[in-house]
K.L.:
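Submitted below is the structure of interest, expressed as structure tokens.
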Amino acid sequence: MTVRTRIAPSPTGTPHLGTAYIALFNKAFAEQQQGQFILRIEDSDAARSTKKSEIDICESLQWLNLRWDEGPDVGGPRGPYRVSERLPIYREHAQQLLHNGCAFRCFCSPERLVEVRQAQQKRKETPKYDGHCLGLSPQESKRRADAGEPFVVRLRVPPDGECTFTDQIRGEITIPWQQVDMQVLVKSDGFPTYHLCATVDDHLMGITHILRGEEWLSSCPKHVLLYDYFGWDFQKLYHLPLLRNKDQSKMSKRKNPTGIHYYRDRGYIPEALLNYLGTMGWSMPDGREQFSYDEFVEKLDLKRITPRGPVFDSEKLDWLNGVYLRDLDDADFQNRYLAWAQRADLGKLSSMLKERAERFDQVLPQVAYLVGEPAPFDADSFVHKSLVNEDIVKILDFAERTLDTVADWQSEAIAAALRSTAEKCSFKPREFLAPLFVAISGKKVALPLFDSIETLGEELTRARLRTAIDFLGGISNKSRKKLDKEWEALFSSDA
RNA sequence: GUCCCCUUCGUCUAGUGGCCCAGGACACUGGGUUUUCAUCCCAGCAACAGGGGUUCGACUCCCCUAGGGGACGCCA
């Protein structure tokens with residue numbers, strides 16, 4: 001039996017480091033076993049999935065050299081490799097479950113579901129579906145569906161007993177069925193949920209080993225049940241630990257740069273990043289911390305994966321990247337850093353740069369803070385005639401939240417969003433923008449703010465804002481709460 | 001709240017009952033090499049969450065407590 005592994009990202013945002021982490025282990029293991037590594041695009045959330053995100057994901061995995069043997073772009077014998085192109089397959093399988101009584105139609109309105117959930121929470125019970133439509137006769141169920149009443153398909157779950165399965169990293173795990181919700185398998189728009197399509201596709205695509213994030217551990221019983229209902233053999237499961245923030249919580253963009261592009265744009269080289277990711281929850285038998293991807297493939301032993309969630313330590317990554325840079329021979333180093341600095345998006349700034357320069361030697365200093373690190377702040381970087389420290393921190397924090405909502409990362413959209421926030425919290429645009437300018441550029445004089453932000457990109461911008469906030473003393477839990485409230489008030493008054 | 005997972009230096013980790021009064025790496029501190037800086041070299045700091053068992057012997061096995069994390073969506 002050939003080993004087949006997969007990674008199934010959902011194209012709903014910027015490519016995440018966690019995806020690269022999981023991809024690395026899947027790919028390396030498949031390669032070691034002379035099997036195949038598959039990329040499947042899990043675009044089962046029609047509302048949030050975007051083509052751009054899919055392209056970004058592919059591109060960032062390619063940058064890391066984590067190429068796939070089968071996938072939406074390269075095809076393969078078990079395609080198609082996009083959930084949205086496999087709808088008839090899921091429909092057929094859902095039909096089968098319905099037919100066997102392993103699943104049932106649910107006609108409950110979203111409003112009712114919310115009510116039920118709230119009542120359960122009030123009674124301190126585990127929120128889950130109350131089984132309202134469980135008792136519908138097949139005839140009744142079919143009649144209502146045929147009459148055009150909207151419905152979802154839910155998984156039938158045993159009322160008692162427990163589910164036992166094996167995670168290859170942790171051993172046997174037992175979860176009471178009472179804890180397991182009657183999961184929606186098919187949404188009212190006819191799309192499958194993750195649980196249905198992932199299980200069906202993993203089987204149909206011949207996946208033999210599932211290496212995925214630990215967040216899936218508690219939904220395993222649903223997957224076990226589905227495999228049981230279909231009569232299929234279950235894959236070997238490996239739940240890799242979740243990458244963590246410094247405070248041990250699941251790595252998130254609010255607390256850490258999580259986008260793969262961020263690391264590329266800051267000049268980490270793929271070899272180093274991959275190497276570092278390979279030391280998260282795993283170690284070489286001989287303890288070596290610097291190793292190439294090929295060495296990783298050669299020595300990878302899934303049994304050596306630890307279940308403990310590792311904190312992503314950017315300082316150690318910096319050190320490792322430095323080691324790699326120093327190992328490059330001089331010509332290589334030159335080629336690579338010049339290639340890195342050769343950024344097409346810098347071209348957009350030409351008109352602004354021309355106005356501000358008489359010679360090329362005056363151009364470089366102007367873009368320095370966009371291409372490289374900005375000058376460090378000093379005591380009076382943020383001093384402002386009408387703003388106190390507290391205002392400035394608030395502005396920086398609100399700017400970060402505002403930028404979160406910008407879907408189209410263009411200077412016009414960025415400008416509009418920030419201006420609107422400034423107005424809402426009754427700052428003059430000039431006041432609101434001043435601290436941002438310093439936070440972004442590190443200087444009092446620089447290229448226009450919104451264009452700088454556009455060029456910097458989302459994560460780099462976020463990182464600068466956060467650095468500035470830290471420089472100003474950070475945000476205590478107490479003031480964080482206050483800011484949350486204030487933001488909430490501004491935001492909801494919008495509606 | 002319920003369920004599940006986890007618990008070795010600040011951080012990443014080695015350790016699968018005696019080799020461990022716990023080893024390596026990052027960070028930090030001190031020293032050396034170097035015209036500066038960086039690199040490099042040397043040294044130092046620093047951990048088995050707590051409590052019960054099991055055992056001749058526990059970092060390693062079991063139980064409890066505590067702490068951390070995750071899940072509880074017509075998101076994945």
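Side chains are part of it too, since the values below use all heavy atoms of this structure and drop only hydrogens, waters and symmetry mates. First the proteins, then the strands, lettered A, B, ... as listed; each starts at 1.
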K.L.:
Kindly say if A/Lys250 contacts the phosphate of B/rC5, meaning a side-chain N or O under 4.0 Å from OP1 or OP2.
P.N.:
no
K.L.:
Out of B/rG69, B/rU2, B/rC75, which has the shortest distance to the side chain of A/Thr126?
P.N.:
B/rU2
K.L.:
Of the nucleotides B/rG73, B/rA76, B/rC6, which has the atom closest to the A/Ser44 side chain?
P.N.:
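Selected nucleotide: B/rA76.
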K.L.:
Nearest whole angstrom, please: distance from the P of B/rU13 to the NZ of A/Lys299.
P.N.:
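Those two atoms, NZ and P, are 20 Å apart.
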K.L.:
With a 4.0 Å cutoff (strictly under), does any side-chain N or O of A/Arg288 reach OP1 or OP2 of B/rU13?
P.N.:
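No, no such contact exists.
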K.L.:
Does B/rG15 have OP1 or OP2 sitting under 4.0 Å from an N or O in the side chain of A/Arg304?
P.N.:
yes
K.L.:
In this structure, is the centre-to-centre distance between the rings of A/Phe230 and A/His203 below 6.0 Å?
P.N.:
no
K.L.:
Just jot down the ring-ring contact (aromatic ring centres under 6.0 Å, His included) partners of A/Phe312, sequence neighbours excluded, or say none.
P.N.:
A/Tyr263, A/Tyr276
K.L.:
Is there a donor-acceptor pair closer than 3.5 Å between any side-chain N or O of A/Ser53 and the backbone N or O of A/Thr50?
P.N.:
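Checking the backbone N and O of A/Thr50 against the side chain of A/Ser53, no donor-acceptor pair under 3.5 Å is found.
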K.L.:
Taking only the side-chain heavy atoms of A/Thr193 (C-beta and beyond), determine which of B/rA71, B/rC74, B/rG68 contains the nearest atom.
P.N.:
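That would be B/rC74.
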K.L.:
At under 4.0 Å between heavy atoms, how does the protein contact nucleotides 23-34 of chain B? Give one character per nucleotide, 5' to 3', with B, S or -.
P.N.:
-BBSS-------
K.L.:
Per the atom types in the model, does the base of B/rC74 pair as donor or acceptor with the side chain of A/Ser188 at under 3.5 Å?
P.N.:
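In this structure, the two groups form a donor-acceptor pair.
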K.L.:
Does A/Arg117 have a side-chain nitrogen or oxygen under 4.0 Å from the phosphate oxygens OP1 or OP2 of B/rC74?
P.N.:
yes
K.L.:
Pick the nucleotide of RNA chain B nearest each of A/Gln248 and A/Thr12; which residue has the one closer to the 5' end?
P.N.:
A/Gln248
K.L.:
Grab the two heavy atoms, one from A/Glu70 and one from A/Tyr81, that are nearest each other, plus how far apart they are.
P.N.:
OE1-OH, 2.5 Å
K.L.:
Hey, is the side chain of A/Arg326 poking within less than 4.0 Å of OP1 or OP2 on B/rC40, counting only N and O atoms?
P.N.:
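Yes, because at least one side-chain N or O of A/Arg326 sits under 4.0 Å from OP1 or OP2 of B/rC40.
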K.L.:
Report the residue (A/Tyr276 or A/Asp181) whose heavy-atom-nearest nucleotide on RNA chain B is the more 5′ of the two.
P.N.:
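Taking each residue's closest nucleotide, the earlier one in sequence belongs to A/Tyr276.
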K.L.:
Who passes side chain to side chain donor-acceptor pair (under 3.5 Å) against A/Glu373, sequence neighbours left out?
P.N.:
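Scan of A/Glu373 (side chain to side chain donor-acceptor pair (under 3.5 Å), adjacent residues dropped) gives A/Arg266.
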K.L.:
For B/rA76, which nucleotide is its Watson-Crick or G-U wobble mate, given both distances must be under 3.5 Å?
P.N.:
none
K.L.:
Round to a whole Å and report the spacing from CE of A/Met280 to P of B/rG69.
P.N.:
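From A/Met280 CE to B/rG69 P: 18 Å.
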K.L.:
Is A/Asp69 reaching over with its side chain to a backbone N or O of A/Phe37, donor-acceptor style, under 3.5 angstrom?
P.N.:
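Side chain of A/Asp69 to backbone of A/Phe37: a pair is present.
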K.L.:
For B/rA71, take OP1 and OP2 only and decide whether either is under 4.0 Å from a side-chain N or O of A/Lys222.
P.N.:
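False: A/Lys222 side-chain N/O out of range (4.0 Å or more) of B/rA71 OP1/OP2.
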K.L.:
Between A/Arg154 and A/Phe104, is NZ or CZ placed under 6.0 angstrom from the six-membered ring centre and within 45° of the ring axis?
P.N.:
no
K.L.:
Of the nucleotides B/rC74, B/rA76, B/rC6, which has the atom closest to the A/Val184 side chain?
P.N.:
B/rC74
K.L.:
Searching all strands shown, indicate the nucleotide that pairs with B/rG18 (Watson-Crick or G-U wobble; both distances under 3.5 Å).
P.N.:
B/rC56
K.L.:
Could you please name the option among B/rA76, B/rC3, B/rU11 that lies closest to any side-chain atom of A/Gln179?
P.N.:
B/rC3
K.L.:
Among B/rC75, B/rC6, B/rA76, which nucleotide has an atom closest to any side-chain atom of A/Arg48?
P.N.:
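Nucleotide nearest to A/Arg48's side chain: B/rC75.
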K.L.:
Can you give me the closest heavy-atom contact between A/Lys299 and A/Pro285, atom names plus distance?
P.N.:
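In terms of heavy atoms, the two residues are closest at CB-CD, 4.4 Å.
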